[in-house]
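Quick notes on the structure that follows.
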Amino acid sequence: VLHGALSPVGGGTCSVLLSHCVTRVPSELLTQSVLLSHRATCHPRAEELQGHRWATFTREEICAYQSQPMAEMWQRCARRVTEAIERVVEFAKRLRGFLELSQHDQIVLLKAGAMEVVLVRMCRAFDAATRTVLFEGKLAGPELFRSLGCPELVASIFDLAQGLSALRCSESELGLLSALLLVNAGRPWLQDRPRVARLQGHLDVAFRLLLRRTRREGLLARLPSPGQLRALCSQHLEQVQAFRRLHPGVVSASFPPLYRELFAADPADVPAGTR
Ligand SMILES: O=C(C1CCS(=O)(=O)CC1)N1CC[C@](c2ccc(OCc3ccccc3)cc2)(S(=O)(=O)c2ccc(F)cc2)C1
């Protein structure tokens, strides 16, 4: 699925015409194109989030979610996170230099980093005052997700969103942070590590210059650590396995193919030659 989504045929990249800002230095051009790619692939858009006074779910609606079967709630979340990951794939395709990497390395970087970008992007849809997140059109607290049966994972997701929203990141900061979560030369299985490292270097310089320009250098020390993001993604994988043991067949029968490919690859799915 990921391979198909990356094929240039499926929606070409839009190389942003930055003709109107001839005075900018390369790193500011890069920052601007990352910001445009980020804004184009986040939903809802920043304006919609700020302007709108989102409603919270009523007690009855929360009870309805809490009494849904576990499999139904898992399917809902799997569908929504897959939609979010598809937008992250689109964001990656618009990142200058990403599509020039080998398909193999593009897939390696997305498999390792797409979920981390979704978790970082989540803080945009998070309301710190009420500790709620936008879910299916209204603001939901962790208790709404009770029927998932994984309270620690839900708590970790909310903690991360709470921590990130306290940093009050700008869309440019979130865009460059997301780009650096994807273009990470430290990921395992990369074929052309030096090439990824060069692209990562440009993004790192652009991020640092942005932070210096806006006097936000202190942000770097307060961002979630790679270990925290990795731990959350591992917790998610453990819970997917636990869910599959409780409900054999549901994931393969009714979860999105992209979700299955990323988080529930069956040994049986692996091409015979490499089993
Ligand atoms: O916020 C987003 C999107 C971020 C990218 S965007 O472009 O700004 C559109 C909005 N989210 C995408 C969907 C959401 C999501 C987040 C993490 C996640 O982790 C994997 C998982 C799978 C199954 C069970 C538990 C956890 C799954 C879905 S959600 O459903 O609202 C959800 C929320 C809290 C929670 F505790 C569980 C689910 C949050």
Side-chain angles (χ1 to χ4, degrees), residues 37-50 52 54 56-57 62 65-66 68-92 94 113-128 130-165 169 171 173-175 177-178 181-182 224 228-244 246-247 250-251 254-256 258-264:
S37 306
H38 171 76
R39 293 173 68 90
T41 59
C42 276
H43 168 81
R45 304 181 73 88
E47 308 70 57
E48 293 166 85
L49 287 167
Q50 263 90 38
H52 208 117
W54 298 93
T56 49
F57 284 106
I62 292 172
Y65 277 111
Q66 292 171 333
Q68 277 190 0
M70 180 187 279
E72 165 66 29
M73 201 58 187
W74 265 86
Q75 273 171 36
R76 276 175 192 266
C77 295
R79 264 200 301 271
R80 283 179 47 75
V81 78
T82 302
E83 286 160 14
I85 287 171
E86 283 162 351
R87 283 193 289 276
V88 173
V89 172
E90 187 51 38
F91 170 68
R94 294 164 183 239
M115 176 58 115
E116 293 186 356
V117 174
V118 168
L119 291 169
V120 163
R121 284 181 160 196
M122 223 182 104
C123 72
R124 302 168 71 258
F126 186 80
D127 176 67
T130 54
R131 219 173 129 73
T132 55
V133 70
L134 203 52
F135 177 77
E136 298 190 346
K138 288 189 179 178
L139 289 170
E143 71 285 351
L144 181 134
F145 299 92
R146 187 175 300 152
S147 64
L148 289 171
C150 49
E152 302 84 5
L153 173 59
V154 170
S156 306
I157 291 170
F158 273 79
D159 288 348
L160 181 79
Q162 174 101 31
L164 267 169
S165 75
C169 287
E171 292 295 294
E173 289 166 347
L174 287 177
L177 178 57
S178 302
L181 287 173
L182 287 173
Q228 187 185 351
L229 286 169
R230 196 169 41 247
L232 216 166
C233 292
S234 310
Q235 219 182 341
H236 165 232
L237 289 177
E238 284 159 25
Q239 293 307 313
V240 177
Q241 295 314 325
F243 172 75
R244 295 179 78 178
L246 275 177
H247 297 270
V250 170
V251 173
S254 57
F255 279 33
L258 179 56
Y259 183 92
R260 292 197 343 249
E261 180 176 300
L262 290 173
F263 309 120

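In this chain, numbering begins with 1 at the start of the sequence shown. As the structure lists them, so they are numbered: ligands from 1, and atoms in each ligand from 1.
Between the side chain of Glu116 and the backbone N or O of Gly113 there is no donor-acceptor pair closer than 3.5 Å.
Of all protein heavy atoms, the one lying nearest to atom 18 (C) of ligand 1 is Val81 CG2, 3.9 Å. Of all protein heavy atoms, the one lying nearest to atom 3 (C) of ligand 1 is Ala84 CB, 4.3 Å. Closest protein heavy atom to atom 17 (C) of ligand 1: Ile157 CD1, 3.9 Å. Among protein heavy atoms, the minimum distance from atom 16 (C) of ligand 1 is reached at Met122 SD, 3.8 Å. The closest protein non-hydrogen atom to atom 9 (C) of ligand 1 is His43 O, 2.8 Å.
Of the options Val120, Val88, Val133, Leu153, the smallest heavy-atom separation from atom 26 (C) of ligand 1 is shown by Leu153. Remark: among candidates Phe145, Tyr259, Phe243, the nearest residue to atom 35 (C) of ligand 1 is Phe145, based on non-hydrogen atoms.
With sequence neighbours excluded, no residue forms a ring-ring contact (aromatic ring centres under 6.0 Å, His included) with Phe91.
Residue contacts with ligand 1, taken as heavy atom pairs separated by less than 4.0 Å, do not involve Arg76 at all. At a heavy-atom cutoff of 4.0 Å, ligand 1 is contacted by the side chain of Trp74 but not by its backbone. Under 4.0 angstrom from ligand 1, the non-hydrogen atoms of His236 all belong to its side chain. The proximity of Arg124 to ligand 1, defined as any non-hydrogen pair under 4.0 Å, is limited to the side chain.
A salt bridge between Arg87 and Glu83 is absent, with no side-chain N of the basic residue lying under 4.0 Å from a carboxylate O of the acidic one.
Atom CZ of Arg80 has more than 12 heavy atoms from other residues, nucleotides or ligands within 6.0 Å.
A heavy-atom separation below 4.0 Å is not found between Phe263 and ligand 1. Between Met115 and ligand 1 there is a heavy-atom distance shorter than 4.0 Å.
The CD1 atom of Ile62 sits 7.0 Å away from atom OG1 of Thr56, with the distance rounded to the nearest 0.5 Å. Remark: Gln75 CD to Met73 CE distance equals 11.5 Å, nearest 0.5 Å.
Closest non-hydrogen pair, Ser165 versus Ala128, comes out as OG-CB, 3.6 Å.
Those atoms of ligand 1 with a heavy atom of Arg87 less than 4.0 angstrom away are 7 (O), 9 (C). Near Phe158, with a cut-off below 4.0 Å to any heavy atom, the atoms of ligand 1 are 34 (C), 36 (F). Near Arg121, meaning under 4.0 Å from any of its heavy atoms, are these atoms of ligand 1: 5 (C), 8 (O).
No side-chain heavy atom of Gln241 sits under 4.5 Å from any side-chain heavy atom of Leu237. The shortest side-chain heavy-atom distance between Arg39 and Glu47 falls under the 4.5 Å cut-off.
Among residue pairs with one or both ends in residues 130-152, those qualifying as ring pair (Phe, Tyr, Trp, His ring centres under 6.0 Å) are Tyr65-Phe135, Phe135-Phe145; sequence neighbours excluded.
No close placement of the Phe263 and Phe243 rings is indicated, their centers lying 6.0 Å or farther apart.
Shown here, atom 5 (C) of ligand 1 is in close reach of the protein: a heavy atom of it lies under 4.0 Å off.
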